[in-house]
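Atoms considered below: every heavy atom in the structure, side chains included; atoms not considered: hydrogens, waters and symmetry mates. In the text below, chain A, chain B and the rest are named by the order of the sequence lines, each starting its count at 1.
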Amino acid sequence: MVAADAEGGGVIRPLGEQGRRLRALPGLPSDDGHDAGSAIRVPDLAAAVRSLEAAERPRWVWADARRVYPALLAAGVRVSRCHDVALTENLLLGADGRHGEPRRVEAAYARLHGLPVPGDPHEPSGAHPAGGTQASLFEPAAPRPDAAAEAGMVAEVFGDQLRRIARTPDPGRFRLLVAAESAGALIAAEMGHDGMPWREDVHDALLTELLGPRPAHGMRPAKLQALADEVAAAFGHPVNPDSPQQIVRAFKSVGIEVPSARSHVLKSVDHPAVAPLLAYKELARLYSFHGWTWAAQWVSGNRFRPEYVVGGVVSGRWATSGGGALQIPKVMRRVVVADEGWTLVVADAAQLEPRVLAALSGDRGLARAAGEIDLYAALAQAFGGARESAKIAMLSAMYGGTSGDAPKLLAVMRQRFPKAYAFVEDAARAGEEGRLVRSWLGRTCPPPSERWRRLVTGPEGARAARDRGRFTRNFVVQATAAEWALTLLAVLRGLLRELAGGPARLVFFQHDEVMVHCPLDLAGEVREAVGRAAEEATRLLFGDTAVRFPMEAVAVTCYADAK
DNA sequence: TAACGGAGCGCC
DNA sequence: AAAGGGCGCTCCGTTA
């Protein structure tokens with residue numbers, strides 16, 4: 001079912017068999033004279049979606065959930081499932097090594113018909129650096145087409161996308177990826193709408209405790225100013241502690257050479273300015289990043305409402321385009337408190353990435369270890385008995401680490417877990433040679449930039465190649481981990497909707513961690529749902545595997561108590 | 001005045 | 001404890 005919105009109304013266009021039934025539905029005009037093709041104009045899109053959702057739970061096909069869904073949520077309408085054309089276009093373009101090309105439905109339609117593509121930067125070189133999807137996320141806004149025209153485009157591009165999906169190396173997996181990504185679009189919009197519980201009074205008290213009272217505009221909070229004064233006194237002259245350059249120069253003026261002003265560098269410097277400087281850095285970040293100004297913009301009604309960007313990271317992890325939801329300092333967790341009579345169910349996947357590697361590579365030995373709750377402990381024996389050695393070996397394999405004991409431990413890994421070792425080595429080799437790698441479900445890494453291609457043949461070539469090898473080595477694992485987490489989230493959302501009329505709400509998702517806000521008496525069932533969702537995600541991705549993906553959920557009143 | 005890159009640091 | 005990769009955001013300081 002295609003839905004497109006417009007000022008004061010919208011268009012619904014049935015697809016396939018559902019369309020014939022649609023016309024008999026009450027509450028929708030069967031023919032109001034504005035029927036373009038099979039498109040039906042409706043005066044109130046939200047009401048029309050609500051009635052269709054109740055009647056037959058279609059898969060809604062729309063240009064971009066971010067365009068359509070927030071208005072539906074505002075009208076109190078939620079849907080079960082959708083196909084997000086823009087996100088799918090992004091995945092399909094990526095699969096062809098065409099990261100960064102415009103992904104909006106207008107662009108997809110234009111490409112399909114050989115027309116000029118709106119929003120295409122058409123710069124042949126250097127336009128799409130590896131790691132940059134920004135161009136596709138913030139395309140110049142083309143004029144919105146009429147809703148009926150948009151519905152037509154969406155229907156046509158959708159059909160084309162289904163054909164392109166069928167031509168991918170593994171259509172079954174790619175379909176799952178598209179479904180999960182689209183579910184993510186719904187969840188992101190819903191989480192932005194519902195918001196995460198955020199006690200404004202607790203936040204203010206915390207800031208006041210750490211920084212002093214909220215300062216007048218343009219002033220530093222009292223405790224920050226006091227620390228800045230201490231720094232100045234230690235150097236004998238004013239130094240802006242927010243300026244790394246000034247800090248380095250100030251140390252030079254007292255005969256201390258530091259390569260940078262980073263905290264870990266300053267920690268080993270013996271000078272009276274160091275202590276207040278380190279304290280200042282920590283508090284200043286809190287003040288500017290998650291202080292009163294931030295709260296005024298992102299917190300309202302005791303809810304933190306960030307803007308999530310599904311697929312905003314090339315690996316498929318989410319990003320945010322505001323609010324910094326994925327970088328909330330741990331000290332702020334005490335501000336996240338369940339409503340009266342409600343609770344927060346918090347769960348994170350333990351040792352997700354090594355488990356993903358075990359499943360991805362089909363390494364039986366590693367999979368056996370990944371059948372245990374503590375994977376690293378299970379591996380310890382293979383690495384000389386130390387759990388820590390096993391951990392270093394796995395992390396080095398997945399991230400391309402070479403320092404310390406890594407080479408020795410990787411040699412052990414190569415011998416004991418040859419398939420897992422070969423899997424990440426192959427990914428690294430592909431990256432070094434400029435090739436593409438794909439996740440388990442078919443998300444594709446960006447191709448190397450023109451700049452990289454020039455660099456790799458030059459004197460710095462070996463380094464450039466190694467860097468990209470580390471990126472692709474990590475990509476296959478991180479992107480598959482993101483797929484598992486997203487699938488879990490989609491399944492969990494479905495389970496929560498079935499629970500007691502659906503009051504439980506997903507309110508936070510951070511790579512491998514989820515938070516549900518629910519009435520106290522549902523805590524047990526929600527915790528159970530998290531476990532079931534983890535099992536179902538594992539089955540959907542990897543079928544019958546020995547690898548376990550433990551997801552322990554705890555119910556807490558305050559986020560800070562979750563760990 | 002606006003735009004931009006670098007530095008720095010929070011999260012996973 | 002840390003190595004590795006990925007981000008967002010804010011500040012500074014320079015350039016257009």
Side-chain angles (χ1 to χ4, degrees), chain A residues 129-134 137 220 224 239-249 258-267 277-278 280-291 293-294 297-298 306-309 311-333 348-354 356 386-389 391-407 409-410 424 427-428 431 437 443 445-446 466-479 481-482 485 508-514 559 563:
Chain A
T133 53
Q134 295 308 305
L137 297 180
R220 277 199 183 108
L224 271 185
V239 173
N240 181 356
D242 287 319
S243 168
Q245 291 181 33
Q246 287 191 32
I247 293 170
V248 172
R249 277 204 300 271
V258 285
S260 75
R262 297 180 188 184
S263 293
H264 69 266
V265 170
L266 299 186
K267 269 190 187 110
L277 207 41
L278 292 176
Y280 180 93
K281 276 169 172 279
E282 198 178 329
L283 291 179
R285 195 185 150 80
L286 216 55
Y287 172 58
S288 63
F289 233 78
H290 290 99
T293 310
W294 171 87
Q297 187 174 359
W298 298 106
E307 289 164 14
Y308 294 97
V309 184
V313 181
V314 288
S315 67
R317 281 184 171 182
W318 289 14
T320 54
S321 68
L326 304 181
Q327 298 116 261
I328 297 169
K330 286 191 171 160
V331 65
M332 284 284 168
R333 290 185 180 184
D348 69 330
Q351 304 160 340
L352 177 56
E353 296 195 345
V356 161
R387 181 183 184 279
E388 199 54 24
S389 296
K391 188 174 173 181
I392 292 170
M394 295 304 298
L395 294 180
S396 300
M398 292 185 292
Y399 301 142
T402 54
S403 62
D405 291 338
L409 294 168
L410 285 174
V424 286
V437 295
R443 192 185 302 269
C445 79
R466 248 192 339 266
D467 285 349
R468 188 160 191 277
R470 268 203 305 279
F471 167 64
T472 50
R473 173 194 292 270
N474 183 245
F475 180 93
V476 291
V477 176
Q478 187 186 112
F508 190 54
F509 172 52
Q510 183 170 237
H511 310 314
D512 62 356
E513 179 178 10
V514 304
Y559 187 19
K563 281 187 182 171

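In this structure the side chain of A/Leu266 reaches within 4.5 angstrom of the side chain of A/Lys281, judged on heavy atoms. You'll find the side chain of A/Pro259 reaches within 4.5 Å of the side chain of A/Val265, heavy atoms only. For the pair A/Leu286 and A/Met332, the minimum side-chain heavy-atom distance is below 4.5 Å. Side-chain atoms of A/Tyr287 and A/Tyr280, non-hydrogen and from C-beta on, never get closer than 4.5 Å to each other.
Side-chain atoms of A/Asp242 lie closest to C/dC11 of the nucleotides C/dC7, C/dA2, C/dC11. Of all nucleotides listed (C/dC7, C/dG8, C/dG5), C/dG5 comes nearest to the side chain of A/Phe471. For A/Tyr399, counting side-chain heavy atoms from C-beta on, the closest listed nucleotide (C/dT10, C/dG4, C/dG8) is C/dG4.
Going from atom NZ of A/Lys267 over to atom C1' of C/dA1 covers 12 Å, rounded to whole Å. Counting to the nearest Å, the C1' atom of C/dC7 and the CG atom of A/Asn474 are 12 Å from each other. Between A/Glu353 atom CD and C/dG6 atom P there is a gap of 12 Å when expressed in whole angstrom units. The distance between atom CG of A/Leu352 and atom P of C/dG4, rounded to the nearest whole Å, is 21 Å. A straight line from CH2 of A/Trp294 to P of C/dC11 spans 15 Å, rounded to a whole angstrom. Summarising the geometry, the separation between CZ on A/Phe475 and P on C/dC7 is reported as 10 Å, rounded to the nearest angstrom.
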inquiry  = Please determine whether side chain to side chain contact (heavy atoms under 4.5 Å, CB included) holds for the pair A/Val314 and A/Phe471, giving the CA-CA distance in whole Å, both sets of side-chain angles, and the decisive distance to 0.1 Å.
reply    = CA-CA 11 Å; A/Val314 288; A/Phe471 167 64; 4.1 Å; yes
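Here SG of A/Cys445 is found 12.0 Å from CD of A/Gln478. Values are rounded to the nearest 0.5 Å. Rounded to the nearest 0.5 angstrom, A/Leu224 CG and A/Leu283 CG are separated by 5.5 Å.
Contacts of A/Gln246 with the nucleic acid, taken as non-hydrogen atoms under 4.0 Å apart, involve only primed sugar atoms and P, OP1 or OP2. At a threshold of 4.0 angstrom between heavy atoms, the contacts of A/Ser315 with the nucleic acid are absent. Residue contacts for A/Leu286: at a heavy-atom cut-off of 4.0 Å it reaches no nucleic acid atom on any strand shown.
Remark: A/Ser243 is in phosphate contact with C/dG13, judged by side-chain N or O atoms under 4.0 Å from OP1 or OP2.
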Pick out the pairs of N or O atoms, protein on one side and nucleotides 7-12 of chain B on the other, that lie under 3.5 Å.
unit_1, atom_1, unit_2, atom_2, d
B/dG8, OP1, A/Ala261, N, 2.7
B/dG8, OP2, A/Arg262, NE, 3.0
B/dG8, O3', A/Lys281, NZ, 3.4
B/dC9, OP1, A/Ser263, N, 3.0
B/dC9, OP1, A/Ser263, OG, 2.3
B/dC9, OP1, A/Lys281, NZ, 3.4
B/dC9, OP2, A/Ser263, N, 3.3
B/dC9, O2, A/Arg285, NH1, 2.9
B/dG10, O4', A/Arg285, NE, 2.7
B/dG10, O4', A/Arg285, NH2, 2.8
B/dG10, N9, A/Arg285, NH2, 3.4
B/dG10, N2, A/Gln327, NE2, 3.2
B/dC11, OP1, A/Lys330, N, 3.0
B/dC12, OP1, A/Arg333, NH2, 2.9
B/dC12, O3', A/Asp512, OD1, 2.7
B/dC12, O3', A/Asp512, OD2, 3.2
B/dC12, O2, A/Arg317, NH1, 2.7
B/dC12, O2, A/Arg317, NH2, 3.4

